[in-house]
There are 2 protein chains.
Amino acid sequence: MEELDNTDIHLLKLLGDDSNMTMKELAAKVNLSPSPVFERVKRLESNGYIKKYIALLDAEKLNHGLIIFCSIRLKQHDKSIGMEFVQDIMKIKEVVECYNVSGDYDFLLKVYARDMKHYQDFVFNKLGSVKSIGSTHSTFVMSENKNSHNVNL
Amino acid sequence: MEELDNTDIHLLKLLGDDSNMTMKELAAKVNLSPSPVFERVKRLESNGYIKKYIALLDAEKLNHGLIIFCSIRLKQHDKSIGMEFVQDIMKIKEVVECYNVSGDYDFLLKVYARDMKHYQDFVFNKLGSVKSIGSTHSTFVMSENKNSHNVNL
DNA sequence: CTTGAAAAATGGAGGGT
DNA sequence: ACCCTCCATTTTTCAAG
């Protein structure tokens, strides 16, 4: 596994914030010509530093005005119940993130919902049908103050 | 405000998962020629449905093996203290997300750290110097089971 | 929406430090 | 090892129908 030099880090920062820049533009920012930049970026991709390129969508415009962090306690704590829970939860489109965590609860979910009615339906009908769940606790997001969508290098 | 048809939704889904597809590839997936796809994508961008394009970086490879959700309770609950907190927290690079939330705590932070030692330093030296903070509670992520990095349409 | 063509970017070859 | 300057190919971008 190779080291990353300052130029690589610089490129990762730039692409992590805006991947629509051309090689030419990137090259200008790191004071190189397009070719070595092209090679560096391809290397960063194939070495897995860059996982993929995505478009960030506006959740609010796409009818997801509410963000909720939903803590989940399982009924039992064996591996098969945990795996069953993860499988069930993966199928629910409102759940955009899922973490197995330490502390009072076992899992933390980030959930997008249109509105309260939608969230209520999610809790009763979607979570309600996941048998492995013991109890839940909802924390509502009042405002998103920062989301870099990435590592901050 | 215009409506989105099924093709628009389809394009958003595709780009939300992989923005490196060419117009040609996108066109093939939605059964159109490149030109109308180009126009639709530009419209989705200028109407704000697509916010920006980014490269997703591998946090683990970039020396951020630990994810922590850090709950924060402020000393007082007036607006100026809250704004001061947000301003201070924005400057800390370990904090990748920050939400103002309901419930026992006022804010929820998502934090990336290299390891426990790094996190300890973050809590003592970085959070420790933010005067508006009353108390904190850390929830450690043991595994990330799902992160779509986007709305699920 | 389609065709089609100009402008621009990508991705290599070949050579220099 | 790393960079540069071309340049062919592909893609983007935008007319006009």
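To find a chain, count down the sequence lines: A is the first, B the second, and so on, and within it residues start at 1. No experiment lies behind these values; they were computed from the predicted model shown.
With sequence neighbours excluded, no residue forms a ring-ring contact (aromatic ring centres under 6.0 Å, His included) with Tyr53(A). For the ring-ring contact (aromatic ring centres under 6.0 Å, His included) test, no residue two or more places apart in sequence or in another chain qualifies with Tyr112(B).
Straight-line distance from the CG atom of Asn31(A) to the C1' atom of dC4(D): 14 Å, rounded to whole Å. Note: CG (Leu15(B)) to C1' (dT12(D)) measures 14 Å, nearest angstrom. Rounded to whole Å, atom P of dT12(D) lies 12 Å from atom CD of Glu45(B).
Taking the six-membered ring for Trp and thresholds of 30 and 60 degrees, Tyr99(B) and Phe69(A) have ring planes more than 60 degrees apart, a perpendicular arrangement. Taking the six-membered ring where tryptophan is involved, the planes of Phe140(A) and Tyr119(A) are perpendicular, since the angle between them exceeds 60° and thus also 30°.
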>> Pairs counted only when both distances fall under 3.5 Å, Watson-Crick or G-U: show me the 5' to 3' dot-bracket for DNA chain C, [ ] for pseudoknotted crossings and | for other-strand partners.
In response: ||||||||||||||||.
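Applying side-chain contact (heavy atoms from CB on, under 4.5 Å) to Thr7(B) and the options Val37(B), Leu32(B), Asn31(B) leaves one that passes, Leu32(B).
Environment of CG in Asn6(A): sparse, with no more than 12 heavy atoms of neighbouring residues, nucleotides or ligands closer than 6.0 Å. Taking a 6.0 Å sphere around CE of Met83(B), one finds it holds 12 or fewer heavy atoms contributed by other residues, nucleotides or ligands. For Gln87(A), the CD atom sits in a loose shell: 12 or fewer heavy atoms of surrounding residues, nucleotides or ligands are nearer than 6.0 Å.
Arg40(A) has a side-chain polar atom (N or O) that falls below the 4.0 Å cut-off from OP1 or OP2 of dC3(D).
A pairwise comparison of heavy atoms in Leu153(B) and Lys13(B) identifies O-CE, 3.6 Å as the closest pair.
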Atom pairs, N/O to N/O, protein against nucleotides 13-15 of chain D, distance under 3.5 Å?
unit_1  : atom_1 : unit_2   : atom_2 : d
dC14(D) : N4     : Ser35(B) : OG     : 2.6

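When heavy atoms are screened at a 4.0 angstrom cut-off, Ser33(A) is found touching base atoms of the nucleic acid.
A donor-acceptor pair is defined here as one N or O able to donate and one able to accept, closer than 3.5 Å; such a pair exists between the side chain of Asn100(A) and the backbone of Asp106(A).
Applying the salt bridge (Lys or Arg N to Asp or Glu O under 4.0 Å) test to residues at least two apart or on different chains, the pairs with a partner in residues 17-40 of chain A are Asp5(A)-Arg40(A), Asp8(A)-Arg40(A), Asp17(A)-Lys52(B).
Put simply, chain A comes within 4.0 Å of DNA chain C, heavy atom to any atom, from dA9(C) to dG12(C), going 5' to 3'.
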